[in-house]
Number of protein chains: 2
Amino acid sequence: MGERPVRNPLGIALKSNRATMADVAKLAGVSRQLVGFVFQGKSGYSPEAAARVHKAAKQLGYRPNLAAQSLRRDTTKIIGVVFDPRESSPLEIIQSLYKVSAKNGYEVILSAIADDRDEDEAIHELIGYRCEGLILIASRLPTEKLTLLASEIPFISVGRQLDSSIADSVCSDGAKGLELVVDCLASKGHTDIAYINATSMLHSEVRLSGFLNATLRHGLPQQVIEIEGDYTEESGAIAADILLKKDLMPTAVACSNDQQALGLISALRVAGISVPSQISVAGYDDSRVAGFSFLSLTTVHQDAEELAEMALNRLIERISDQSLVPSVLLSPVSLVMRKSVVAKSL
Amino acid sequence: MGERPVRNPLGIALKSNRATMADVAKLAGVSRQLVGFVFQGKSGYSPEAAARVHKAAKQLGYRPNLAAQSLRRDTTKIIGVVFDPRESSPLEIIQSLYKVSAKNGYEVILSAIADDRDEDEAIHELIGYRCEGLILIASRLPTEKLTLLASEIPFISVGRQLDSSIADSVCSDGAKGLELVVDCLASKGHTDIAYINATSMLHSEVRLSGFLNATLRHGLPQQVIEIEGDYTEESGAIAADILLKKDLMPTAVACSNDQQALGLISALRVAGISVPSQISVAGYDDSRVAGFSFLSLTTVHQDAEELAEMALNRLIERISDQSLVPSVLLSPVSLVMRKSVVAKSL
DNA sequence: ACAGAACACTAGCACGTGCTAGTATTTTAG
DNA sequence: CTAAAATACTAGCACGTGCTAGTGTTCTGT
């Protein structure tokens with residue numbers, strides 16, 4: 001049952017004998033086309049026929065062949081997502097992307113970057129599946145390659161802000177986020193506030209500008225700790241070392257992201273500095289770590305679902321009208337107050 | 001150029017005008033079949049023809065349509081991978097899976113679990129792509145569903161040990177790992193060792209048995225802290241609370257995994273307990289966090305690449321011979337000594 | 001010089017599905 | 001009561017590729 005003729009000269013049945021529409025149709029006693037209509041939710045068949053089709057499909061364990069669908073359809077309805085599993089922030093966005101895509105009738109195919117698999121390769125795989133558009137999460141591709149890619153396929157950069165001469169990008173409003181942080185710290189009486197700037201990160205400039213704006217507005221000194229590293233726990237630990245060597249430590253520190261804050265706080269605690277009683281620390285991202293009871297990090301919240309929604313909606317717009325002028329979209333941010341920031345002790 | 005007739009009655013060109021083999025063939029002045037041979041690396045053409053094909057393909061930006069390939073091939077050469085981006089351990093395995101798959105001529109398709117997308121759905125998508133086999137990372141499916149799935153498609157469970165009446169599984173040798181940890185702690189003079197057992201995790205029993213074996217062997221008291229939670233930082237923090245309430249704290253603690261150890265250590269430090277000078281802590285997984293300078297966690301190392309290789313090799317075996325008797329594979333483990341474990345202070 | 005093999009290529013069907021265009025049968029409208 | 005319209009289906013091509021079976025042309029060995 002369910003067997004199909006095998007053309008293989010060796011007589012070995014290579015093809016999996018998974019049921020096709022034709023098998024379902026045969027069992028249900030209808031034409032293959034009707035099975036297709038039923039599965040596409042179109043009209044043009046009786047409830048009885050539909051019931052028989054569903055029953056037969058269930059009995060045979062039928063699943064539509066997505067490759068065949070994508071091949072035949074005028075539009076594949078597939079969005080490709082490139083991400084780096086070594087980074088934690090993309091993961092929350094992926095969650096939301098599935099949700100938002102389903103709502104818009106799109107399928108998602110993920111393509112990860114790995115040690116011996118660069119972004120180019122990940123992208124080419126997705127193009128191989130004839131994705132209608134790509135979402136590049138925290139892309140590190142040089143701008144020239146992005147420009148080239150934009151001429152080949154619609155895409156949007158998430159988390160990395162691009163010059164609008166290149167392509168669409170969405171990220172959280174980093175400048176605004178850091179202004180919120182500084183406002184909060186200032187309102188708690190802090191006047192000696194340091195910002196940890198990891199220069200090798202792509203949106204470091206935007207966040208730095210927010211810090212500088214806010215401190216200027218409050219008439220505070222602008223103390224920036226430059227780190228060559230990236231947004232990892234380790235760079236936070238390095239920043240802690242620098243702080244510890246100072247004669248006078250700031251009373252509050254704004255970090256570039258939550259992971260950095262975790263590293264900073266942990267390293268300070270190892271050195272015997274208590275957070276928050278001796279020094280207040282704020283993060284950025286409101287990632288999973290921020291909620292940990294032992295951190296309870298005051299941080300800038302970016303709604304992953306809203307970010308995903310903005311990205312996908314814009315991408316869908318672009319797919320239907322490739323002549324759109326690229327733009328930078330900023331998703332709104334808010335401050336989540338937790339326990340890592342307290343009023344300055346006198 | 002590159003345009004193809006559009007059958008759409010509205011006259012809207014829905015199909016992307018991405019080049020096909022036929023386009024390449026036309027430009028190169030050869031037949032479509034020859035283009036196929038060239039791309040499949042088969043013999044049967046002259047170097048000159050191949051050069052023209054490659055040139056034309058590059059000029060047109062040709063990429064093979066993976067959907068068409070998968071549809072037409074007798075064997076799709078696709079392995080499906082189900083993972084939960086909310087967990088950190090799968091991510092290192094995914095990295096390795098790409099590498100190992102490529103070596104064996106398989107394509108990988110990822111399918112993530114999300115809030116409103118359960119494991120069933122993730123699996124069905126992969127079946128839709130006609131994967132030849134599945135790799136379920138840290139699956140939480142009930143055993144009945146797994147048994148049913150095994151009759152439908154070859155798969156292997158990674159990180160969750162299954163009864164060999166169900167299906168293949170690979171995980172690190174958890175019992176051995178904890179024996180290594182206890183041996184190490186005992187050799188440093190620790191006699192009062194606690195194990196944090198997160199009961200809701202799937203392989204907790206195996207690791208616990210290793211702890212019990214080793215402590216028995218060393219003639220040590222068997223102090224197990226039962227936590228209802230999972231292997232997260234938060235459950236480590238909960239364990240820390242329990243420890244802190246004790247009259248006499250153990251001098252060493254073995255955790256179920258690194259994340260838990262991070263939570264435990266952080267919570268202890270907040271409470272003013274110094275790690276490792278007052279209490280030694282060991283983890284499990286040798287994940288990214290273990291190497292952080294402020295943790296420097298002694299932990300059990302599982303080679304993600306070896307795990308991936310074992311899983312894929314076994315899966316490929318099963319694909320070619322579905323009658324294999326399921327087995328449990330244990331990947332070797334080793335202890336990575338860092339600074340979170342020190343000799344017991346007198 | 002001639003058969004056979006090796007080479008360089010082309011023809012045409014098939015994979016499983018979506019789409020448009022049909023064909024009966026039943027229902028509705030005037 | 002007849003024509004038109006709606007319903008419930010079926011027929012057949014097409015998507016881009018892989019595979020087997022060809023067809024000519026050039027090389028080999030005797």
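Residue numbers start from 1 in every chain, and the chains themselves are labelled A, B, ... in the order their sequence lines are given, proteins ahead of strands.
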Can you tell me if NZ on B:K77 sees more than 12 non-hydrogen neighbours from other groups inside 6.0 Å? yes

I'd like a list of close polar pairs between nucleotides 8-12 of chain C and the protein, N/O only, cut-off under 3.5 Å.
{"from": "C:dC9", "atom 1": "OP1", "to": "B:S46", "atom 2": "OG", "distance (Å)": "3.3"}
{"from": "C:dC9", "atom 1": "OP2", "to": "B:S46", "atom 2": "N", "distance (Å)": "2.4"}
{"from": "C:dC9", "atom 1": "OP2", "to": "B:S46", "atom 2": "OG", "distance (Å)": "2.7"}
{"from": "C:dT10", "atom 1": "OP1", "to": "B:S31", "atom 2": "N", "distance (Å)": "3.3"}
{"from": "C:dT10", "atom 1": "OP2", "to": "B:S31", "atom 2": "N", "distance (Å)": "2.7"}
{"from": "C:dT10", "atom 1": "OP2", "to": "B:S31", "atom 2": "OG", "distance (Å)": "2.3"}
{"from": "C:dT10", "atom 1": "O5'", "to": "B:S31", "atom 2": "OG", "distance (Å)": "3.4"}
{"from": "C:dA11", "atom 1": "N7", "to": "B:Q33", "atom 2": "NE2", "distance (Å)": "3.4"}
{"from": "C:dG12", "atom 1": "N7", "to": "B:Q33", "atom 2": "NE2", "distance (Å)": "3.4"}
{"from": "C:dG12", "atom 1": "O6", "to": "B:R32", "atom 2": "NH2", "distance (Å)": "3.4"}
{"from": "C:dG12", "atom 1": "O6", "to": "B:Q33", "atom 2": "NE2", "distance (Å)": "2.8"}

Taking only nitrogen or oxygen atoms into account, show me every contact under 3.5 Å that the protein makes with nucleotides 25-28 of chain C, one pair per line with its distance.
none

Gap between atom CG of B:L71 and atom OG of A:S70 - 0.5 Å precision: 9.5 Å

Interatomic distance, OG@A:S111 vs CG@A:L136, rounded to 0.5 Å, equals 10.0 Å

For [Y], is there an ion pair with [X] - N to carboxylate O distance below 4.0 angstrom?
X      : Y      : result
A:E87  : A:R140 : yes
A:E125 : A:R117 : yes
B:E152 : A:R18  : yes

Assign A:F39 to base, sugar-phosphate, or nothing according to its heavy-atom contacts below 4.0 angstrom with the strands shown. nothing

Give one of base, sugar-phosphate or nothing for B:K77, where a contact means two heavy atoms less than 4.0 Å apart. nothing

I need the [atom1]-[atom2] distance between [X] and [N], as an integer number of Å.
X      : N      : atom1 : atom2 : result
A:R63  : C:dT17 : CZ    : C1'   : 17 Å
A:N65  : C:dG18 : CG    : C1'   : 13 Å
A:E48  : D:dA8  : CD    : C1'   : 11 Å
B:D74  : D:dC19 : CG    : C1'   : 8 Å
A:E107 : C:dG18 : CD    : C1'   : 16 Å
A:R130 : D:dG16 : CZ    : P     : 8 Å
A:Q40  : C:dG16 : CD    : P     : 17 Å
A:L71  : D:dG18 : CG    : C1'   : 13 Å

So, is [X] near the phosphate of [N], with a side-chain N or O under 4.0 Å from OP1 or OP2?
X      : N      : answer
B:Q69  : D:dG18 : yes
A:K42  : C:dG18 : no
B:Y129 : C:dG16 : no

Chi angles and distances behind the side chain to side chain contact (heavy atoms under 4.5 Å, CB included) call for A:I137, A:L97: CA-CA 11 Å; A:I137 302 181; A:L97 277 176; 4.3 Å; yes

Heavy-atom side-chain contact between A:D168 and A:S157 under 4.5 Å: no

As a quick check of understanding, evaluate side chain to side chain contact (heavy atoms under 4.5 Å, CB included) for B:L141 and B:D120, giving each step before the final call. CA-CA 8 Å; B:L141 280 185; B:D120 280 316; 4.2 Å; yes

